[in-house]
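Contents: one structure, followed by commentary.
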Amino acid sequence: MTVASAIFYFFAAILIFFSIKVVTTKNLFHSVMSAFAVLLGTAGLFFLFNAEFLGIVQILIYAGAVTILVLFVVMLTTAGPKYRIVWETPLNIWIFVFVILFGGMLGMIVLSIQWPVAKPVALHGVTEALATRLFVEYLLPFEVASILLLAALIGSIVLARRD
Amino acid sequence: MVQIPKVNYLFFGPEALLIVAALVLLLLDLFFWRQNNRRLAIFGIFGLVGAALMVIPLLGVNGTTLGTSLVVDSFSLFFKMLFLGIAILVIVLSVDYVAKHKFAGVGEYYTMLLFATIGMMFMAATTDLVMIYIGLELTSISCYILAGYHKKDPKSNEAILKYFILGLISSAIMLYGFSFIYGFTGHTELSQIAQALTGESAKLAVVAGVVFALAGFAFKVASVPFHQWVPDVYEGAPAPITAFLSVGPKAAAFAALIRILFIGFPVFASYWKILFIAMAIASMFVGNLMAIPQTNIKRMLAYSSIAHAGYILVGFAVASNEAITGILLYIAIYAIMNIGVFAIVMAVGHGSNGGEDLSNFNGLSKRAPFLAITMAIFMIALAGMPPTAGLWGKFYIFAAAVNKGLWWLALLGLFNSAISLYYYVNVIRHMYVLEPTTEAPLIFPVAYKGVVWATVLGTLIIGVMPGPLLWLSTISSKGFG
């Protein structure tokens with residue numbers, strides 16, 4: 001096992017652990033902080049794959065701005081940070097059966113596919129390549145995404161404001 | 001140096017104009033026509049008509065611009081015109097509804113409708129998975145918000161919450177499927193994906209990717225087993241939005257699905273055909289059988305729309321060029337019929353003693369003979385009986401099934417049409433046989449009457465003379481299947 005793959009498994013373990021934590025913890029605040037850890041772990045993976053720009057953006061926007069926004073929501077809503085998440089339906093055996101079967105199926109599929117591997121050359125100048133793809137190849141999706149964000153923004157205001 | 005691609009700006013005409021119209025509408029609402037429902041709606045209609053005019057110079061053009069992000073061909077133009085038509089009719093239906101229910105945020109209402117239409121147009125006009133996804137999300141997010149516009153009605157709140165959460169999950173699953181496809185092939189463009197798929201590994205990657213993507217699309221087109229949200233959302237959403245949801249985003253999802261399957265994965269048709277056979281049969285039976293006990297007309301129409309998705313999925317299971325022609329024809333005809341039905345439902349629900357219960361249709365023939373006779377025509381059309389357009393939609397899909405040796409699937413479809421007659425005719429019974437609960441004549445806005453006239457004429461004319469629409473569907477489906 002190389003150093004790189006060791007680091008990968010380390011981040012992967014963090015990601016899986018905190019992803020499960022996000023949905024299983026009963027404390028809303030812990031849930032948000034676990035999500036923060038997941039986002040940081042993803043940033044770590046980006047750095048590992050030589051995508052520094054994506055890694056920095058991930059930390060700045062997701063781990064930074066989005067987490068703080070969510071924290072604000074938790075603090076400002078009536079629920080508050082002490083809010084306990086209550087499970088209305090108790091965990092039953094079928095959930096575990098389904099998770100194991102589905103996860104096993106996914107694992108088998110992922111492991112048995114011969115994924116194409118990028119040549120080491122492709123790992124240089126990742127940021128420049130990203131810019132080319134984003135602003136040349138995927139220019140239209142990039143622009144329409146701004147309309148999409150605008151729609152979401154207007155929509156959330158419409159729904160949330162008092163009238 | 002990076003090569004800046006040449007852009008053919010004319011190709012963006014309809015979408016660009018509509019985006020500008022939507023943004024201007026928002027500003028007009030903010031600065032000049034504060035919450036002036038009628039003016040904003042008329043402006044929105046002008047925007048849509050303008051976009052439709054921008055389609056005209058593109059007729060007959062075949063080309064792509066900005067890579068393959070935007071494809072202009074007869075297939076995409078067919079759907080663009082359909083979406084623009086749907087949006088115009090829905091805005092006409094909305095004006096009086098918005099005024100009656102005193103919606104807060106009138107400008108945003110029409111802006112969201114335009115945004116949803118833009119998203120649908122992009123979905124039908126691209127062969128790139130990223131663009132399909134962005135278009136789909138633009139449509140979905142706008143629709144989530146529109147579905148929750150009755151802010152004080154718990155049913156509408158339930159509708160938006162269910163639609164939003166389930167919709168997000170289905171989008172995530174679809175995106176996961178796309179990531180498999182991209183991860184294996186390294187492309188997001190469908191024809192490049194098709195070329196990159198070789199070898200035994202490809203089969204697995206495609207199975208995983210396509211099954212997940214299909215699960216997402218099955219949610220958007222309201223097919224069994226991803227249909228549970230449909231009745232609640234259709235019941236709780238404002239009626240014009242229900243009309244929009246039942247024909248617009250659904251048609252867009254079918255358009256994207258045709259592109260994905262027939263450009264990206266035709267080699268694996270024998271695999272996904274099986275899924276479509278199962279989904280089609282389940283959707284037809286569940287939709288039709290569950291529609292029978294419904295007493296709320298919007299819930300009944302929700303189940304009926306699941307059944308209609310089932311008939312259309314039969315076309316996917318057949319997967320011949322003939323079947324795709326049938327699908328396009330069916331989608332267009334279904335849009336006309338269903339918007340007409342919703343116009344009548346809204347007219348009946350308009351008055352002070354109106355409602356959306358089946359009992360509100362009791363004795364409608366005495367209170368509003370025009371609505372009763374047109375509703376009867378639409379019910380016959382939805383059941384697929386002559387001399388209405390509904391017949392031809394089913395006829396071409398089932399004929400394609402028979403030609404491909406799937407006669408038993410066509411037979412199941414016919415059997416289901418017979419089941420559907422039961423609840424469609426039940427509505428006619430309510431209107432003509434049962435006594436009205438009130439003698440007061442039904443008063444409803446002239447806009448509803450206009451939409452009913454337009455759609456009923458469309459249903460009857462296409463029913464007698466399906467040639468022109470069939471010709472359009474045939475040239476639009478060229479090259480698929």
Side-chain angles (χ1 to χ4, degrees), chain A residues 19 22-23 38 42 45 49 88 98 101-119 121-123 125-163, chain B residues 2-5 7 12 15 19 22-23 26 65-67 69-70 102-105 107-109 111-112 115-116 118-119 122 126 128-135 137-139 141-142 144-146 148-149 151-152 160 176 180 183-186 188-189 196 199-205 207-208:
Chain A
S19 305
V22 171
V23 288
V38 170
T42 316
L45 283 183
F49 299 149
E88 292 206 352
F98 177 77
L101 282 178
F102 191 71
M105 181 194 80
L106 276 184
M108 269 171 58
I109 290 174
V110 171
L111 289 180
S112 49
I113 294 174
Q114 287 176 326
W115 297 99
V117 181
K119 296 184 184 73
V121 177
L123 295 177
V126 172
T127 306
E128 197 190 340
L130 181 76
T132 317
R133 299 207 89 180
L134 202 55
F135 295 110
V136 177
E137 209 176 317
Y138 294 104
L139 182 62
L140 186 66
F142 179 78
E143 296 293 344
V144 179
S146 62
I147 304 285
L148 166 66
L149 292 177
L150 181 68
L153 195 71
I154 298 170
S156 53
I157 292 172
V158 168
L159 288 178
R161 76 171 164 212
R162 284 176 219 276
D163 31 55
Chain B
V2 175
Q3 194 74 41
I4 304 294
V7 180
F12 293 101
E15 286 88 352
I19 289 174
L23 298 179
L26 207 57
T65 190
L66 276 180
S69 299
L70 196 75
K102 298 191 177 62
F103 280 159
E108 290 86 347
Y109 178 91
T111 309
M112 283 295 155
F115 277 156
I118 295 163
F122 275 125
T126 180
D128 193 288
L129 288 181
V130 176
M131 197 59 220
I132 289 178
Y133 178 72
I134 300 257
E137 278 302 282
L138 180 54
T139 313
I141 286 186
S142 313
Y144 301 147
I145 289 147
L146 288 169
Y149 242 84
K151 275 202 268 182
K152 301 218 167 65
I160 181 175
Y176 190 52
F180 267 92
F184 186 77
T185 61
T188 56
E189 207 281 313
E200 196 59 20
S201 242
K203 214 181 273 175
L204 260 175
V207 168

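A note on names: the letters A, B, ... follow the listed sequences, proteins ahead of strands, and every chain is numbered from 1. From a predicted model like this one, the values you see are computed outputs, not experimental measurements.
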**Message:** Does any backbone or side-chain atom of L70(B) lie under 4.5 Å from a heavy atom of chain A? Answer side chain, backbone, both or neither.
**Reply:** both

**Complete:** If one checks every heavy atom of I118(B) against chain A at 4.5 Å, the contacting part turns out to be neither

**Asked** With a 4.5 angstrom heavy-atom cut-off, which part of Y144(B) approaches chain A: side chain, backbone, both or neither?
**Response** neither

**Prompt:** Donor-acceptor pair, T126(B) side chain versus S69(B) backbone, under 3.5 Å?
**Reply:** yes

**Complete:** Looking only at M131(B), E15(B), E189(B), the option with the highest number of non-hydrogen pairs under 4.5 Å against chain A is M131(B)

**Prompt:** More than 12 heavy atoms of other residues, nucleotides or ligands under 6.0 Å from CE of M105(A): is that the case?
**Reply:** yes

**Shortest non-hydrogen separation from G155(A) to I145(B) and the atoms involved** = CA-CD1, 3.2 Å

**Request:** Begin with the C-alpha distance, continue with both residues' side-chain angles, and end with the deciding distance and a verdict on ring pair (Phe, Tyr, Trp, His ring centres under 6.0 Å) for F98(A) and F102(A).
**Result:** CA-CA 6 Å; F98(A) 177 77; F102(A) 191 71; 5.6 Å; yes

**Item:** chain A contact via F180(B) - side chain, backbone, both or neither, heavy atoms under 4.5 Å
**Value:** both

**Prompt:** Where on L106(A) is there a heavy atom nearer than 4.5 Å to chain B: the side chain, the backbone, both, or neither?
**Reply:** side chain

**Request:** Answer yes or no: is there a donor N or O on one side and an acceptor on the other, between the side chain of T42(A) and the main chain of V38(A), under 3.5 Å?
**Result:** yes

**Prompt:** What part of T188(B) lies closer than 4.5 angstrom to a heavy atom of chain A: side chain, backbone, both or neither?
**Reply:** both

**Fill in**
The interface call for Y133(B) against chain A, heavy-atom contacts under 4.5 Å, is neither

**Message:** If you apply the rule side chain to side chain contact (heavy atoms under 4.5 Å, CB included), what do you find for E137(A) with T132(A), and how did you get there?
**Reply:** CA-CA 7 Å; E137(A) 209 176 317; T132(A) 317; over 6 Å; no

**Asked** Any sub-3.5 Å donor-acceptor pair from Y149(B)'s side-chain atoms to G105(B)'s backbone N or O?
**Response** yes

**Message:** Is F103(B) close to chain A through its backbone or its side chain, or both, or neither, when contacts mean heavy atoms under 4.5 Å?
**Reply:** neither

**Request:** Against chain A, label L146(B) side chain, backbone, both or neither, depending on which of its atoms sit under 4.5 Å from a heavy atom there.
**Result:** neither

**Request:** Output the option from A22(B), G119(B), G183(B), G186(B) having the highest count of non-hydrogen pairs under 4.5 Å with chain A.
**Result:** G183(B)

**Asked** Does the K151(B) side chain pair with the main chain of A104(B), one donor and one acceptor, at a distance under 3.5 Å?
**Response** no

